[in-house]
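Presented below is the structure to which this report refers.
Bear in mind that the values here come from a model prediction, so they are computed numbers and not experimental data.
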2 protein chains.
Amino acid sequence: MTIPGRRQAVRLPREQRVAEIMRAARAVFVEKGYEEALLSDIAERADVVEGSIYRYFENKRDLLVKVIEDWYEAMLSDYDQQLSGIRGTRNRLRYMVWRHLETVHEEPALCHLMFQIIRSGADYSATAVHELNRKYTHRTLDIVREGIDAGELRGDIPLRLVRDMMYGCVEHRTWAYLRGEGDFDSNHVADAIVDLVLGGLAKAPANQPRDQTIALRLEQAVARLERLDAESAPAVRSSSPSKKRRYLPGRV
Amino acid sequence: MTIPGRRQAVRLPREQRVAEIMRAARAVFVEKGYEEALLSDIAERADVVEGSIYRYFENKRDLLVKVIEDWYEAMLSDYDQQLSGIRGTRNRLRYMVWRHLETVHEEPALCHLMFQIIRSGADYSATAVHELNRKYTHRTLDIVREGIDAGELRGDIPLRLVRDMMYGCVEHRTWAYLRGEGDFDSNHVADAIVDLVLGGLAKAPANQPRDQTIALRLEQAVARLERLDAESAPAVRSSSPSKKRRYLPGRV
DNA sequence: GTCGTTGATGAATGATATTTATCAATGACG
DNA sequence: CGTCATTGATAAATATCATTCATCAACGAC
């Protein structure tokens with residue numbers, strides 16, 4: 001006999017319930033950020049009771065980690081898919097950066113969670129996200145290596161430094177964007193970054209002027225970027241921050 | 001008449017009490033990280049009662065922000081102090097990077113808090129830390145600008161990109177370090193970064209080989225770095241993470 | 001048809017940040 | 001000198017959530 005007032009328990013197979021909860025969690029996390037997201041919100045949206053979540057996830061953080069992992073994995077496999085159809089060191093490198101920037105535009109909240117919560121956690125190194133990330137940056141290094149082998153790039157620069165610079169730069173921009181300090185154009189930024197890196201890396205025969213196409217592209221990109229910088233430069237400090245789009249949920 | 005059992009209230013002038021609390025807070029935050037640091041811990045160490053903290057600080061987060069601000073301000077003023085005694089674009093640029101890296105070594109926990117809690121907060125832009133940081137990176141751009149004016153550096157690169165690359169790279173290394181993924185040598189890394197940036201930036205007369213000294217320094221730095229990379233490369237995944245030094249307090 | 005296994009529940013529990021109601025020293029002012 | 005507003009400080013109450021617990025019911029194998 002069902003106790004009156006006791007909610008009708010809908011039984012689902014494990015996988016399906018896990019999927020439901022993760023879908024709900026992702027929505028709530030995106031909407032409210034980590035701290036503001038309540039397990040009760042998530043439970044409600046997943047149409048379960050709070051306690052049920054603990055049958056499938058260790059704790060709130062674990063839930064987030066799983067959500068991010070899921071997203072990240074799908075994303076990276078798509079990266080590979082696309083990349084397989086792109087030829088040429090420059091194009092491939094550019095695609096990596098461009099796609100990264102696009103992702104920030106498409107999923108700012110998830111990116112923010114990824115940076116703030118996942119990647120700065122003490123257990124990050126043990127996370128699948130870490131492994132995925134490693135794989136991803138390896139992909140980038142592979143491209144550079146191919147370029148070196150093909151004789152297109154200088155071989156005397158530590159690969160790690162190149163990678164750190166590229167993604168470091170990307171992330172600086174990303175943070176500024178996530179903070180609502182100004183938008184960016186993925187195409188322009190990607191061009192500028194790749195151009196600068198290649199400009200420093202490109203094998204320049206000692207007594208020859210730099211590759212014409214590179215020099216040209218560089219000029220154009222730089223001109224565009226300077227304009228962009230001028231626009232997005234904060235005219236007056238603390239003018240009207242409310243007008244800026246923000247993607248950081250939470251504290252007001 | 002004093003109610004028996006009621007603690008003897010030591011009255012201090014505002015400034016002094018604030019200083020006490022901040023000293024205590026800094027210690028506890030450093031020791032335990034943000035979430036694990038309890039207001040009761042801080043109160044105890046500051047020899048006040050929890051509620052008293054709220055007389056001087058909005059909330060826990062505000063307390064941390066003030067602590068970081070304090071530290072950051074002192075640090076930057078010292079930067080300026082030192083920098084005033086250094087001549088030459090390369091040396092000055094190198095000092096900025098080097099000092100940044102050294103700071104990470106000296107105060108890993110505060111750096112971590114700065115990155116994770118402060119800089120990713122929704123209110124970061126309104127923070128004094130943001131302003132300080134802006135001032136700091138401006139200093140860097142000034143140096144580059146001086147170099148351009150002096151004819152030492154190419155003038156056709158967007159300054160922001162240069163800055164983002166330098167600090168982006170620094171931060172990538174920093175995070176890896178904070179996560180316990182391997183140490184770094186501030187001197188080597190600073191050399192490598194500055195060399196790479198200048199290698200891409202340095203005005204290379206079209207039909208002349210690159211500046212000899214730069215080329216030489218580059219080679220040396222690269223050699224050192226390759227060695228370093230080889231050493232700090234994770235031999236076997238998930239070998240014994242317990243052996244690595246970690247500077248992330250918190251969750252076990 | 002019984003019984004172990006697993007999905008699911010609703011109500012505790014616990015840990016902490018934050019508030020509130022009070023209290024006492026201090027010092028300015030009549 | 002006293003009174004009284006101001007400010008430093010307190011102890012206890014509150015509120016908010018994450019997490020755990022004691023039960024319960026459907027399902028399926030045997």
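Atom CD of Glu35(A) is separated from atom C1' of dC17(D) by 12 Å (rounded to the nearest Å). For the pair Arg14(A) CZ and dC27(D) C1', the interatomic distance rounds to 17 Å; values are reported in whole Å. Spacing between atom CG of Leu12(A) and atom P of dC27(D) amounts to 11 Å, rounded to whole angstrom units. The nearest whole Å value for the distance from the CG atom in Leu39(A) to the P atom in dA12(C) is 19 Å. Distance Phe57(B) CZ to dG8(D) P: 13 Å, rounded to the nearest Å. Protein atom OH of Tyr34(B) is 14 Å distant from nucleotide atom P of dT16(C), rounded to whole Å. In this structure, Ile53(A) atom CD1 and dT20(D) atom P are separated by 13 Å, rounded to whole Å. Computed from coordinates, the Arg55(A) CZ to dT6(C) C1' distance equals 6 Å when rounded to whole Å.
A salt bridge is absent between Glu181(A) and Arg134(B): the closest approach of a Lys/Arg side-chain nitrogen to an acidic carboxylate oxygen does not fall below 4.0 angstrom. A salt bridge does not link Glu35(A) to Lys60(A): none of the charged side-chain nitrogens sits closer than 4.0 Å to a carboxylate oxygen. For Asp62(A) and Lys66(A), the salt-bridge test passes: some basic side-chain N is under 4.0 Å from an acidic carboxylate O.
Among the atoms of the strands shown, only primed sugar atoms or phosphate atoms (P, OP1, OP2) are found under 4.0 Å from some heavy atom of Tyr56(B).
In the helix from dG1(C)-dC30(D) to dG30(C)-dC1(D), the end axes, each obtained as the rotation axis mapping the C1' atoms of four pairs onto the next four within a five-pair block, lie 20° apart to the nearest 10 degrees.
Shown for residues 41-51 of chain B: residues whose heavy atoms fall under 4.0 angstrom of DNA chain C, namely Glu50(B), Gly51(B).
Side-chain contact check for Asn133(B) and Tyr72(B): at least one donor-acceptor pair (N or O, by modelled atom type) lies under 3.5 Å. Between the side chains of Glu102(A) and Ser186(A), at least one donor-acceptor pair of N or O atoms lies under 3.5 Å.
Between Tyr167(B) and Tyr136(B), the ring planes lie tilted relative to each other; the angle falls in the 30° to 60° range.
Counting only distance, with no hydrogens or angles, the side chain of Tyr34(A) and the backbone of Arg61(A) share a donor-acceptor pair below 3.5 Å.
Comparing Ser40(A) and Arg11(A) against DNA chain D, the residue whose closest nucleotide sits nearer the 5' end is Ser40(A).
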Could you walk me through whether Leu83(A) and Ile143(A) pass the side-chain contact (heavy atoms from CB on, under 4.5 Å) test, one step at a time? CA-CA 10 Å; Leu83(A) 206 56; Ile143(A) 297 178; 4.2 Å; yes

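Partners of Gln116(A) under the side-chain hydrogen bond (donor to acceptor under 3.5 Å, both in side chains) rule, at least two apart in sequence or in another chain, are Ser120(B).
Side chain of Tyr54(B), nearest nucleotide from dG8(D), dA9(D), dA17(C): dA17(C).
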